[in-house]
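What's counted below: heavy atoms across the whole structure, side chains too, no hydrogens, waters or symmetry copies. Just so we're on the same page: letters track the sequence lines, and every chain starts at 1.
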2 protein chains.
Amino acid sequence: MSISSRFTVGVHVLALIELNKEGISSSEFLAGSVNTNPTLIRKIMGMLKKAGLIEVHPGIAGAKLAKEPSYITLLDVYKAVDVVKEKELFSVHENPHPNCPVGRNIQDSITPVLSAAQLALEKVLGNVTIEDILKDIVDKEKFRIVNE
Amino acid sequence: MSISSRFTVGVHVLALIELNKEGISSSEFLAGSVNTNPTLIRKIMGMLKKAGLIEVHPGIAGAKLAKEPSYITLLDVYKAVDVVKEKELFSVHENPHPNCPVGRNIQDSITPVLSAAQLALEKVLGNVTIEDILKDIVDKEKFRIVNE
DNA sequence: TATGTTGTAACCAAATTAAATACATGTTTA
DNA sequence: TAAACATGTATTTAATTTGGTTACAACATA
């Protein structure tokens, strides 16, 4: 099991829209960088738009960030593309037997731990912004140029 | 997407084996409490055995914990049942385009964040033991009795 | 030897994912 | 106005994973 790549593709798309802010970031352009098809990008763009992270209009080529990149966290993207439902990162077996002490209490006992674990993960994502990712990419590019 | 219930079923199984330590915890008995079929339980038992968490022998009914319940963390179970491969909780789109500054750097830029998020989640699981879960279950049972 | 248990392998149906196709809707421009 | 191009959706497909099921070999015990 793995969390859908919609999340990391979403981050890729947002970073590229910002880096290409002077140009036109159409779904085809973005798909080329991600190396997938424009339809998938448009599906993800739709989710990012619904979450208020980008601005994009039917018929008009190109997307722009709807907020400053320093105000968009990876957690925003993660929630926008809906890769994990609220409190459902872990799945729990349904209908344990009520005649057993463990069966009738395990879900209530384990759920708080699972929620805490999921929150810990989300907190890390909430502390990193698109700007952070872009800065890192720019740094890596500089290093590349120095070593050419 | 959701992490397989093998994990929470594994915790259920270990807790019940310990609670029923004076009795015989066969795969059929355990399956009854979890409310699934014995084959699935045996598959999970095989993983728990391989990870050194339980002792169980072919032909002999019943499983026992191989360690004290205070020395078995939920992270041990999580790793034992192999619900998430090492560093692969998040999936990343393959082969982004190398001609794009974002495409050729995004994986290296985002991977450390994803690893940190996964580690944060695992750390929470590592701080809770089977004994903690059992204590909580016993507490809930006491509360139940008081309110009968 | 008969019974019951663990340990596997094989198979199935359901759900999810990424990719692909098709097309309606909207915008621009030639 | 018509042609070209973009977004926004719906539908289909193949691959993968999951949980469930059946079948059966290997082992232990009464």
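- Under the side chain to side chain donor-acceptor pair (under 3.5 Å) criterion, A/S109 pairs with B/D136, not counting sequence neighbours.
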What protein N or O atoms touch nucleotides 28-30 of chain D N or O atoms at under 3.5 angstrom, if any, and at what distances?
none

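- Rounded to an integer number of Å, the gap from B/I54 CD1 to C/dT6 C1' is 11 Å.
- Evaluation of the ring-ring contact (aromatic ring centres under 6.0 Å, His included) test over residues 2-52 of chain A, restricted to residues two or more places apart or in two chains, returns A/F7-A/Y78, A/F7-B/F90.
- Using a 4.5 Å cut-off between side-chain heavy atoms of Ile, Leu, Val, Met, Phe, Trp and Tyr, with links allowed through other members, A/L125 and B/L119 fall into different hydrophobic clusters.
- The side chain of B/S5 places an N or O atom within less than 4.0 Å of a non-bridging phosphate oxygen (OP1 or OP2) of D/dG19.
- At least one donor-acceptor pair closer than 3.5 Å links the side chain of A/Q107 to the backbone N or O of A/H93.
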Show me the donor-acceptor pairs within less than 3.5 Å that the side chains of residues 98-106 of chain B make with the rest of the protein, sequence neighbours left out.
unit_1	atom_1	unit_2	atom_2	d
B/R104	NE	A/E141	OE2	2.7
B/R104	NH1	B/P98	O	2.9
B/R104	NH2	A/E141	OE1	2.9
B/N105	OD1	A/R144	NH2	2.8
B/N105	ND2	A/E141	OE2	2.6
B/N105	ND2	B/P101	O	2.8

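- Remark: B/S27, B/T39, B/R42, B/K49 in residues 27-52 of chain B come within less than 4.0 Å of DNA chain C through at least one heavy atom.
- At the phosphate of C/dT17, neither OP1 nor OP2 sits under 4.0 Å from any side-chain N or O atom of B/H93.
- Atoms NE2 (B/H12) and C1' (D/dG19) sit 16 Å apart, rounded to a whole Å.
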For residues 52-63 of chain A, tabulate all N or O donor-acceptor pairs below 3.5 Å that involve a side-chain atom, not counting sequence neighbours.
none

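- Spacing between atom CD of A/E88 and atom P of D/dT18 amounts to 16 Å, rounded to whole angstrom units.
- When the C1' atom of D/dT7 is taken as reference, atom NZ of A/K64 falls 16 Å away, rounded to whole Å.
- In this structure, NE2 of A/H57 is placed 19 Å from C1' of D/dT9, rounded to the nearest angstrom.
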Evaluation steps, side-chain contact (heavy atoms from CB on, under 4.5 Å), between A/T73 and A/N127: CA-CA 7 Å; A/T73 70; A/N127 283 332; over 6 Å; no
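- Each of B/S91 and B/V56 has a nearest nucleotide on DNA chain C; the 5'-most of these lies closest to B/V56.
- Residue-environment remark: NZ (B/K64) exceeds the threshold of 12 foreign heavy atoms within 6.0 Å.
- Contact annotation: the side chain of B/M45 approaches that of B/L30 to within less than 4.5 Å [non-hydrogen atoms, C-beta and beyond].
- One atom, CG of A/N95, and another, P of D/dG20, lie 10 Å apart when rounded to the nearest Å.
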